[in-house]
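To start, the structure itself, in C-alpha cells.
Residue numbers begin at 1 in each chain, while the letters A, B, ... track the order of the sequences.
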Amino acid sequence: MKENRKIKTPNSKLPSITPSGKKDHNFSQLVFEIVRQIPKGRVTSYGAIAQSLGMEKSARMVGWALSNCSNAAPKVPAHRVVNSSGVLSGRHAFKTPTLMQELLEKEGIVVKNNKVIHFKKYFWDPMEEL
DNA sequence: TCACTGACCGAGA
DNA sequence: ATCTCGGCCAGTG
C-alpha cells in the first residue's frame with residue numbers, strides 16, 4: 001500500500017481552483033497566468049505548474065491547456081515551458097517545429113537536441129518564486 | 001459507455 | 001542512460 005501520496009497545498013498567492021475538487025473550465029486561464037509570469041530567459045516544467053495549482057499529478061492537463069494558448073490574449077510565452085527533463089516536448093505545436101528553440105535561444109538559453117542545457121540553472125519554480 | 005490519445009511525471013527494471 | 005508502467009484528467013469517435 002502506498003502512503004507516499006504527498007498532498008501538496010496550492011500556492012495561496014495564486015488564484016485557487018474551485019474548491020472541493022470541482023473541475024473548473026478556467027483551469028487554462030490559471031495556467032496561462034502562471035506562464036505569463038515566467039521571467040524572460042528562464043524556463044519551468046508542466047509538472048511544476050501543476051504543483052503550484054495543487055494538482056501535482058495532473059501535468060498532462062497543463063500541456064492540454066497550453067495546446068489551446070494560441071487563442072489566449074495577451075500571448076502566452078509557452079516556449080518557456082518544457083518537460084521535467086528539459087526537453088522541448090511542445091515544439092510541434094508551434095508554427096514551425098524549430099520556433100520554440102529559436103525563441104528560447106533568443107532569450108539566451110542554449111538548446112541542444114531539443115533539450116535545454118543547464119536546465120536546472122534556468123529552472124523557475126512557480127511554487128518558490130511566486 | 002468504452003477505449004484511446006495526449007506539449008507529463010516518477011519509480012523500477 | 002533507455003524503456004516500460006501506472007497514474008492523472010479532458011477530449012474525441
Side-chain angles (χ1 to χ4, degrees):
Chain A
M1 41 157 316
K2 32 226 122 169
E3 47 74 29
N4 345 339
R5 237 189 133 95
K6 18 180 184 175
I7 298 128
K8 285 272 182 182
T9 315
N11 189 328
S12 52
K13 292 167 194 153
L14 292 169
S16 61
I17 311 181
T18 341
S20 315
K22 183 185 172 194
K23 282 135 202 160
D24 198 319
H25 193 263
N26 56 19
F27 169 74
S28 312
Q29 297 304 318
L30 300 179
V31 173
F32 297 164
E33 283 184 34
I34 295 178
V35 175
R36 284 197 271 256
Q37 296 179 61
I38 304 173
K40 187 180 174 209
R42 305 289 298 279
V43 292
T44 191
S45 72
Y46 304 93
I49 293 171
Q51 250 185 40
S52 71
L53 290 174
M55 305 173 72
E56 181 182 347
K57 308 206 155 128
S58 306
R60 297 188 120 167
M61 295 304 97
V62 176
W64 166 77
L66 283 180
S67 69
N68 199 28
C69 75
S70 324
N71 303 325
K75 306 246 179 211
V76 179
H79 60 281
R80 297 184 188 139
V81 186
V82 298
N83 73 11
S84 67
S85 309
V87 173
L88 281 53
S89 48
R91 66 188 178 298
H92 296 300
F94 289 76
K95 284 191 137 55
T96 69
T98 53
L99 180 58
M100 186 174 185
Q101 171 168 347
E102 288 164 13
L103 290 171
L104 286 173
E105 292 180 329
K106 210 175 290 183
E107 299 186 352
I109 292 176
V110 183
V111 179
K112 199 93 179 166
N113 268 339
N114 298 318
K115 188 171 167 201
V116 173
I117 305 299
H118 303 318
F119 174 54
K120 278 198 134 168
K121 177 178 168 181
Y122 295 118
F123 186 72
W124 179 85
D125 189 347
M127 213 53 177
E128 298 180 6
E129 320 251 6
L130 233 44

Exercise for the section: Tell me what A:Ser67 touches on the nucleic acid: a base, only sugar-phosphate, or nothing, going by heavy atoms under 4.0 Å. Expected result: base

Distance, rounded to the nearest Å, where [X] contributes [atom1] and [N] contributes [atom2]:
X        : N     : atom1 : atom2 : result
A:Met61  : B:dG6 : CE    : P     : 13 Å
A:Glu56  : C:dC9 : CD    : C1'   : 15 Å
A:Leu53  : B:dC9 : CG    : C1'   : 16 Å
A:Ile49  : B:dA7 : CD1   : P     : 15 Å
A:Lys115 : C:dA1 : NZ    : C1'   : 10 Å

Practice task
Could you label the plane-to-plane angle of the A:Phe119 and A:Phe123 rings as parallel, tilted or perpendicular, counting under 30° as parallel and over 60° as perpendicular?
Solution key: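 If you compare the ring of A:Phe119 with that of A:Phe123, the planes turn out perpendicular.
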
Exercise for the section: With rounding to the nearest 0.5 Å, note down the distance linking CD1 in A:Ile38 to CD1 in A:Ile49. Expected result: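 So the gap between those two atoms works out to 5.0 Å.
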
Problem - Span that lies between the C1' atom of B:dA7 and that of C:dG13, in whole angstrom - result: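 Between the two C1' atoms, the distance is 22 Å.
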
Which of the following nucleotides, [options], is nearest to the side chain of [X]?
X       : options               : answer
A:Lys57 : B:dC9, C:dC8, B:dA7   : C:dC8
A:Asn83 : B:dA7, B:dC9, B:dG6   : B:dC9
A:Ala78 : B:dC9, C:dC9, B:dA7   : B:dA7
A:Trp64 : B:dC8, C:dA10, B:dG10 : C:dA10

For the residue pair [X] and [Y], what are the closest heavy atoms and their distance?
X       : Y        : result
A:Ala48 : A:Asp125 : CB-OD1, 4.3 Å
A:Phe27 : A:Ala65  : CE2-CB, 4.2 Å
A:Ile34 : A:Pro126 : CG2-CB, 3.9 Å

Return no unless some side-chain N or O of [X] is found under 4.0 Å from OP1 or OP2 of [N].
X       : N     : value
A:Ser84 : B:dC8 : no
A:Ser89 : B:dC8 : yes
A:Ser85 : B:dC9 : no

Handout entry: Check: A:Arg60 side chain, C:dC8 base, donor-acceptor under 3.5 Å
Key = yes

